[in-house]
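Beneath this line is the structure, given in structure tokens, with notes to follow.
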Amino acid sequence: MARLSQLSRSVAGKVVLVTGAASGMGRATAELFADEGARVAVTDLRHDDCETVAARIRKAGGDARAWALDVADPEAVPGCVQEIARTFGGLDVLVNNAGITAGGPIDGDDFEAQWQRALEVLLTAHTRLVRSALPYLARSGEGRIVNIASTEGLGATRGMSPYTAAKHGVIGLTRSLSMELAEHGITVNCICPGPILTGMTEPIPEAAREKFARRRVPLRRYGMPEEVAHMTLSLCLPAASFVTGVALPVDGGLTIQNT
Ligand code: NAI
């Protein structure tokens, strides 16, 4: 049957760079894009683990290569992005996903260190990745940036101010860059995941996770990393060309539940 829609729902052949792709949502995102025919740069601090992810993708018939990249290293980012673009012949999609937990009370001894680290990894790194990727994304004609924020970017949890401030910053950065990069045809959006089962939440005892989900999440469970990855993919489809500056909660209803 002839296709009726003129707007493509395929990312086949697109070159995608995912940060923090050795685990959790980054891994799921890399695997999903590869399943959909994209060519994926799997990057992470943990080189062996991202090599494993890339090898698994290749074994399943996909196209992926691994790069060790610490997003908080200003010296490393430009060269790595350049090498990825050279290897794949361009860059169409940047997913700023790498993250850490960082928190502690404002009067804690460790506060300054937590604050610096949170802003460095969760916010400043995004700007560096975007600056390095910009020439390639602009050349793509359908450039896409997706930043992984958090429901902590829309609300707040006591004692988490470094993380919460950084994630609020990610939403602000997303909105601002969506204005600035529109002239290059690049869309900039962010996702605000609620509680998701990943390396980050694994240390939380199961009983505590279940209690939290029952009390706070209308769908009464943690989300799976793949459920976030699918929304990231959706924002990167050619057909999503008129969506920019959005902060999309993927949270089982957490942010709209009043009581
Ligand atoms: P995860 O711990 O499973 O994965 C995070 C990955 O980022 C790891 O592979 C880690 O090695 C990598 N990473 C950490 N620092 C890095 C650095 N400096 N450079 C490069 N890679 C680095 O955690 P998850 O949950 O998949 O985290 C992904 C993103 O989702 C993070 O930005 C996190 O803040 C965010 N998020 C997570 C939620 C959750 O409930 N799991 C909820 C809301 C947001």
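Start at 1 and go down the list; that is how both ligands and their atoms are numbered. All values reported here derive from a predicted model rather than from experimental measurement.
The nearest pair of heavy atoms linking S8 to L237 is O-CB, 4.3 Å. Across every non-hydrogen atom of V81 and L91, the tightest pair is CG1-CD2, 4.3 Å. What you find for P218 and G252 is that their closest heavy atoms are CD-O, 3.2 Å. Of all the heavy atoms in G104 and F111, the pair that sits closest is O-CD1, 3.9 Å.
Looking at Y222 against ligand 1, nothing comes within 4.0 Å, counting heavy atoms. Neither the backbone nor the side chain of T101 has any atom closer than 4.0 Å to an atom of ligand 1 (non-hydrogen atoms only). Within the 4.0 Å heavy-atom criterion, the part of K167 lying near ligand 1 is the side chain and not the backbone. Both the backbone and the side chain of M25 come within 4.0 Å of ligand 1, counting heavy atoms alone.
Of the candidates V77, V250, D44, it is D44 that places a heavy atom closest to atom 9 (O) of ligand 1. Looking at A166, A229, A125, S23 and measuring to atom 3 (O) of ligand 1, the nearest heavy atom belongs to S23. The option with the heavy atom closest to atom 21 (N) of ligand 1, from among T29, L45, V95, T201, is L45. Remark: among candidates P195, S150, G194, the nearest residue to atom 42 (C) of ligand 1 is G194, based on non-hydrogen atoms. Nearest-heavy-atom check against atom 32 (O) of ligand 1 across T151, N147, N97, I148 picks out N97.
Where the criterion is an N or O separation shorter than 3.5 Å, residue side chain and backbone included, P193 fails it with respect to ligand 1. At least one N or O atom of I196 sits closer than 3.5 Å to an N or O atom of ligand 1. In terms of polar-atom proximity, defined here as any N/O pair under 3.5 Å, V71 does make such a contact with ligand 1.
Those atoms of ligand 1 with a heavy atom of Y163 less than 4.0 angstrom away are 33 (C), 34 (O), 35 (C), 36 (N), 44 (C). Within the listing of ligand 1, atoms 3 (O), 26 (O) sit less than 4.0 angstrom from a heavy atom of G24. Close contacts of ligand 1 with I100, meaning ligand atoms under 4.0 Å from a residue heavy atom, involve 14 (C), 15 (N). Counting atoms of ligand 1 from 1 in the listed order, those under 4.0 Å from a heavy atom of A98 are 7 (O), 20 (C), 21 (N), 22 (C), 32 (O). Close contacts between ligand 1 and L69 involve ligand atoms 19 (N), 20 (C) [criterion: under 4.0 Å to a heavy atom]. The contact set between ligand 1 and D70, taken as ligand atoms under 4.0 Å from a residue heavy atom, comprises 17 (C), 18 (N), 19 (N). For ligand 1, the atoms lying closer than 4.0 Å to a non-hydrogen atom of G99 are 5 (C), 7 (O), 14 (C), 31 (C), 32 (O).
Protein heavy atom closest to atom 41 (N) of ligand 1, with residue, atom name and distance, is T198 OG1, 3.0 Å. Of all protein heavy atoms, the one closest to atom 27 (O) of ligand 1 is M200 CE, 3.9 Å. Atom 44 (C) of ligand 1 has A149 O, 3.2 Å as its closest protein atom, hydrogens excluded (heavy atom only). Here the protein heavy atom with the shortest distance to atom 6 (C) of ligand 1 is G20 O, 3.6 Å.
Between the S176 side chain and the G172 main chain, no donor and acceptor come within less than 3.5 Å of each other. Under the 3.5 Å distance criterion, the side-chain polar atoms of E31 are left unmatched by any main-chain donor or acceptor of A28. Checked by atom type and distance alone, the side chain of N147 never pairs as donor or acceptor with a backbone atom of V170 at under 3.5 Å.
Other residues, nucleotides and ligands place more than 12 heavy atoms under 6.0 Å from the CD atom of E226. By the neighbour-count criterion of 12 heavy atoms within 6.0 Å, atom CZ of R56 is sparsely surrounded, having that number or fewer from other residues, nucleotides or ligands. Within 6.0 Å of atom CZ in R58, more than 12 heavy atoms from other residues, nucleotides or ligands are found, so the atom counts as buried in its surroundings. Counting heavy-atom neighbours within 6.0 Å of E112 CD, excluding the residue itself, gives a total of 12 or less.
Residue contact annotation: R27 has no non-hydrogen atom under 4.0 Å from ligand 1. Ligand 1 lies nowhere less than 4.0 angstrom from a heavy atom belonging to T19. Residue contacts with ligand 1 leave out G223, since none of its heavy atoms falls under 4.0 Å from the ligand.
In this structure, OG in S140 is found 8.0 Å from CD1 in I186, a value given to the nearest 0.5 Å. Taking CG of L154 as the start and CG of L254 as the end, the distance is 9.5 Å to the nearest 0.5 Å.
Under the 4.5 Å side-chain criterion, counting only non-hydrogen atoms from C-beta, R144 is not in contact with L94.
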task = Start with the C-alpha gap between E210 and R220, add the side-chain angles, then the distance that decides, and say whether salt bridge (charged side-chain N to carboxylate O under 4.0 Å, His left out) holds.
result = CA-CA 8 Å; E210 277 175 14; R220 296 171 77 82; over 6 Å; no

